[in-house]
Amino acid sequence: MLEKRKSPRRKMVLPVKVSIDKVDLLAYTVDTTDGGARVGGLRTQLQPGMIVSLQRGSHKAKFRIAWVRELAPNELQAGVECLEPRSNFWGVNLSDRENQVKDMQGLMTLLISNVSRNGKV
C-alpha cells in the first residue's frame, strides 16, 4: 500500500473533544501527524467527508473525516484531516519526539557495537 501521508504518524494518546452538530463527545487520539490524527473512542455514526470540530486544550479546529472503521458494536475509529492547519494544535512538540527516537536509535547502535567488540554488556 502506498503511503499518502505528508508526515509520519506518531503514537500518541491525547484526550480530545469532538463536536458534531452541536453535540460534544469525549474521545482520544491513537496516533497523530502534523495535519491530522486517528481518533478512537467514538460512539456515534460518522461518514467520510463529514466536518467535525476537535478541541485539545484551548486549541479548536475543523477537521474532515477521511475514513471510519468499526472496531466493535458502537465503537469507532476515524481518520481526521485538519482543515485549519495550525502550528502545535496537539499541544506537544512533535519534532522533539522524532529527535528522541533518533537519539535512542543512535544509543542502541553504540551499545550493540560496544557489546559486539567486547563480548560483554
Side-chain angles (χ1 to χ4, degrees):
M1 178 183 216
L2 236 59
E3 186 67 40
K4 295 181 188 177
R5 275 179 206 81
K6 295 174 187 160
S7 56
R9 283 183 176 175
R10 294 168 191 91
K11 298 285 182 204
M12 193 170 301
V13 178
L14 303 169
V16 292
K17 182 164 60 170
V18 181
S19 299
I20 306 167
D21 298 327
K22 299 182 183 181
V23 175
D24 293 336
L25 309 165
L26 296 178
Y28 55 88
T29 63
V30 175
D31 47 43
T32 62
T33 68
D34 293 329
R38 179 168 35 147
V39 178
L42 298 165
R43 304 200 184 286
T44 188
Q45 288 302 315
L46 300 171
Q47 298 296 321
M50 287 177 75
I51 306 300
V52 299
S53 291
L54 261 62
Q55 184 172 344
R56 166 87 180 128
S58 62
H59 301 280
K60 190 172 186 176
K62 299 251 185 251
F63 285 75
R64 180 182 64 81
I65 303 290
W67 55 265
V68 178
R69 178 178 302 133
E70 186 173 7
L71 298 179
N74 200 27
E75 184 176 352
L76 302 173
Q77 279 188 352
V80 296
E81 178 181 25
C82 190
L83 300 176
E84 304 171 13
R86 306 168 182 229
S87 64
N88 202 12
F89 174 82
W90 304 112
V92 294
N93 189 340
L94 298 176
S95 62
D96 278 351
R97 189 163 161 80
E98 287 178 1
N99 290 335
Q100 288 173 357
V101 169
K102 288 178 186 174
D103 291 346
M104 185 61 75
Q105 288 171 337
L107 178 61
M108 292 304 293
T109 301
L110 180 65
L111 289 172
I112 289 169
S113 67
N114 195 23
V115 168
S116 295
R117 263 183 284 148
N118 298 328
K120 51 182 150 169
V121 178

Check the pair Leu54, Val39 against side-chain contact (heavy atoms from CB on, under 4.5 Å), reporting the backbone distance first and the verdict last. CA-CA 10 Å; Leu54 261 62; Val39 178; 4.2 Å; yes
Do Arg64 and Met50 have side-chain heavy atoms sitting under 4.5 Å apart? no
Between Leu76 and Arg43, is any pair of side-chain heavy atoms under 4.5 Å apart? no
With a 4.5 Å heavy-atom cut-off, do Val16 and Trp90 have their side chains touching? yes
Should we say atom CG of Asp24 is surrounded by more than 12 heavy atoms from elsewhere, each under 6.0 Å from it? yes
Would a 4.5 Å heavy-atom cut-off, applied to side chains only, mark Pro48 and Val68 as touching? yes
Atom pair NZ/CD of Lys17 and Gln55 - distance to nearest 0.5 Å: 4.5 Å
Testing Thr33, Thr32, Asp31 one by one against Arg38 for a side-chain hydrogen bond (donor to acceptor under 3.5 Å, both in side chains), which residue passes? Asp31
Interatomic spacing from OG1 in Thr29 to NZ in Lys11 - rounded to 0.5 Å: 10.5 Å
Tell me whether Val18 shares a hydrophobic cluster with Met12, the cluster being built from Ile, Leu, Val, Met, Phe, Trp, Tyr side chains joined at under 4.5 Å. yes
Minimum heavy-atom distance between Ala61 and Cys82, given as atom pair plus value: CB-SG, 4.1 Å
Does Leu26 belong to the same Ile/Leu/Val/Met/Phe/Trp/Tyr cluster as Val23, with side-chain heavy atoms less than 4.5 Å apart forming each link? no
Using 0.5 Å steps for rounding, measure from the CD atom of Gln77 to the CD atom of Glu70. 11.5 Å
Answer yes if Tyr28 and Leu42 sit in the same cluster of Ile, Leu, Val, Met, Phe, Trp and Tyr residues linked by side chain heavy atoms under 4.5 Å apart, and no otherwise. no
For the residue pair Val80 and Ile65, establish whether any side-chain heavy-atom pair is separated by less than 4.5 Å. yes
Which pair of heavy atoms, one from Arg56 and one from Leu14, lies closest together, and at what distance? NH2-CD2, 3.5 Å
How long is the span from the CG atom in Leu25 to the OG atom in Ser19, to the nearest 0.5 Å? 7.5 Å
